[in-house]
Amino acid sequence: MNNSANTFESHHKKLGLISFNSETLDFVNGETFRPYIKVLFVPAGYSLTVDFNVYKTENSALFFINTNQHLDIQSGSSDDAFLIHYNRDFYCIQIHDEEVACDGLLFNNIFEIPKVDLLEDELKTVSQLFKQINDELNFQDRSSEEMIRTYLKQIIIRATRQWKKQNLQTEELNLITAEQDFFRNFSRLVDIHYKEKHSVADYANLLNLAPKTLSNKFHKLNLENPNEMIKNRIILEAKRLLLYSELSIKEIAYQLGYEDPAYFNRMFAQKSGKTPAVFRKEIKA
């Protein structure tokens, strides 16, 4: 693939593909791609942050980043990386194939892992799929939109399979396969209600379960208890607001459902190791 940026756009549906390397990181880290769902194909030797967690690629890898997530690529190499960016109008299955939707396992998983390492066979296949998308973007006839969507879905399906192999033990895989809709539903509910619902009992009620039953489901997978996952989602949003907004810390606390900013400050410091004020100063330095 060459280093040009290619884009498909029709009736509010948009998808683009660009290449970048260590010399063009500022463009990728800028505001241009923030509103889009993103799939990054990154070679070894890159360092990037997704939602304030640092990842260093020892092998080629895919990263899956939703519209509300924080992405910052700190360093790269002369080897090109590639970014597919698209909006929900282009690809976001809501009814069928939920696991490979825009809020599916790769973009919204209870383990909070957005990365898939690519071994030799998968690397060849994914490289070819990116090339086919690039070719369609260059060619663009009446069938190009559906062809591009088909290739994109293949990338997501293959990556979902690899993600499971890399992040779940056999017994965990069996458990999460049997109850994957439940765990994804819990995650979605937290994402919808975290600003006003802060307790396990709130979400147990939404799921028609006893709080203890909900906690036991997470214990079976050796996951953090649901209370910690709820707090983690609140703290993540606080970090995003501290970075991207000009709201005061008190205003952020109120926006996240805390009438007592001092309590919010203590919880933030307990979970992140620093106060909101220190975090904002460091992240914007």
Side-chain angles (χ1 to χ4, degrees), residues 1-3 15 17-22 24-25 28 37-51 53-66 69 71-86 91 93 97-137 147-178 180 183-184 221-223:
M1 286 184 282
N2 58 36
N3 290 331
L15 177 143
L17 172 62
I18 68 163
S19 64
F20 63 93
N21 56 36
S22 58
T24 51
L25 296 183
V28 179
I37 301 164
K38 294 172 278 292
V39 180
L40 276 80
F41 181 16
V42 180
Y46 276 69
S47 178
L48 58 157
T49 298
V50 181
D51 273 342
N53 294 315
V54 178
Y55 300 89
K56 295 183 179 180
T57 57
E58 297 179 1
N59 307 293
S60 293
L62 291 170
F63 288 86
F64 296 84
I65 300 161
N66 223 321
Q69 291 183 282
L71 169 68
D72 182 49
I73 306 173
Q74 281 93 27
S75 62
S77 69
S78 58
D79 294 330
D80 282 339
F82 299 93
L83 170 64
I84 293 173
H85 57 283
Y86 57 95
Y91 180 84
I93 299 169
D97 298 320
E98 289 183 351
E99 191 169 82
V100 295
C102 57
D103 61 350
L105 190 62
L106 298 171
F107 297 97
N108 183 20
N109 64 77
I110 55 177
F111 297 91
E112 299 180 359
I113 300 172
K115 175 174 173 278
V116 177
D117 289 312
L118 296 174
L119 303 179
E120 188 173 349
D121 289 345
E122 281 301 314
L123 178 57
K124 290 179 182 177
T125 302
V126 168
S127 296
Q128 183 63 24
L129 287 167
F130 268 72
K131 182 180 184 304
Q132 287 170 317
I133 291 174
N134 190 67
D135 289 345
E136 286 295 331
L137 289 170
M147 288 292 284
I148 294 167
R149 192 176 291 110
T150 299
Y151 294 140
L152 176 62
K153 187 173 182 179
Q154 286 184 59
I155 292 170
I156 293 172
I157 290 172
R158 300 185 75 91
T160 299
R161 290 173 177 170
Q162 290 300 311
W163 187 95
K164 288 180 178 180
K165 289 179 183 178
Q166 291 170 19
N167 296 294
L168 301 176
Q169 302 295 326
T170 302
E171 62 271 16
E172 291 174 338
L173 181 58
N174 290 337
L175 276 170
I176 203 169
T177 298
Q180 59 188 350
F183 287 111
R184 202 158 53 243
L221 280 177
N222 296 316
L223 293 170

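What you see is a predicted model; the values in this text were computed from it and never measured.
Arg149 CZ to Met147 CE: the interatomic distance, rounded to the nearest 0.5 Å, is 12.5 Å. Note that the OG atom of Ser127 and the CG atom of Leu118 stand 7.5 Å from one another [nearest 0.5 Å]. From Ser19, atom OG reaches atom CG of Asp79 across 12.0 Å, with rounding to the nearest 0.5 Å. Separation of atoms OG1 (Thr24) and CD1 (Ile73) is listed at 9.0 Å; rounding is to 0.5 Å. With values rounded to the nearest 0.5 angstrom, Leu106 atom CG is found 3.5 Å from Thr160 atom OG1. Here Asp72 contributes atom CG and Leu48 contributes atom CG; the two are 8.5 Å apart, rounded to the nearest 0.5 Å.
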Steps toward side-chain contact (heavy atoms from CB on, under 4.5 Å) verdict (Ile155, Ile84): CA-CA 11 Å; Ile155 292 170; Ile84 293 173; 4.2 Å; yes

Criterion side-chain contact (heavy atoms from CB on, under 4.5 Å) on Val42 and Phe82, from CA distance to verdict: CA-CA 7 Å; Val42 180; Phe82 299 93; over 6 Å; no

Leu15 and Tyr91: CA distance, side-chain angles, deciding distance, side-chain contact (heavy atoms from CB on, under 4.5 Å) verdict: CA-CA 9 Å; Leu15 177 143; Tyr91 180 84; over 6 Å; no

CA sep, side-chain torsions, deciding dist, call: Glu136, Asn134, side chain to side chain donor-acceptor pair (under 3.5 Å): CA-CA 5 Å; Glu136 286 295 331; Asn134 190 67; over 6 Å; no

Trace of the side-chain contact (heavy atoms from CB on, under 4.5 Å) decision for Ser22 with Ser77: CA-CA 5 Å; Ser22 58; Ser77 69; 5.6 Å; no

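Between Thr49 and Gln74, the closest side-chain pair of non-hydrogen atoms falls below 4.5 Å. Counting only heavy atoms from C-beta outward, the side chains of Leu40 and Phe20 approach each other to under 4.5 Å. Side-chain contact between Gln128 and Gln132 is present, with heavy atoms from C-beta onward closer than 4.5 Å. At least one side-chain heavy atom of Asp117 sits less than 4.5 Å from a side-chain heavy atom of Gln166. Side chains of Gln162 and Leu62 form no contact here, defined as non-hydrogen atoms less than 4.5 Å apart.
Looking only at distances, a side-chain donor or acceptor of Trp163 sits under 3.5 Å from a matching main-chain atom of Ile113.
Ring orientation note: the planes of Phe41 and Phe130 are tilted relative to one another, at an angle of 30° to 60°.
What you find for Lys56 and Ser47 is that their closest heavy atoms are CG-OG, 3.8 Å. Scanning both residues, Arg158 and Leu129, for their nearest heavy atoms gives CD-CD1, 4.2 Å. Minimum heavy-atom separation, Ala44 to Glu58: CB-O, 3.4 Å.
Side-chain polar atoms of Asp80 and Asn21 form a donor-acceptor pair below 3.5 angstrom.
Shown are Leu83, Thr57, Leu71, Val116; of these, the side chain to side chain contact (heavy atoms under 4.5 Å, CB included) with Phe63 is made only by Thr57.
With sequence neighbours excluded, the residues satisfying side-chain contact (heavy atoms from CB on, under 4.5 Å) with Asp51 are Gln69, His70, Leu236, Arg240. Under the side chain to side chain donor-acceptor pair (under 3.5 Å) criterion, Thr125 pairs with no residue at all, not counting sequence neighbours.
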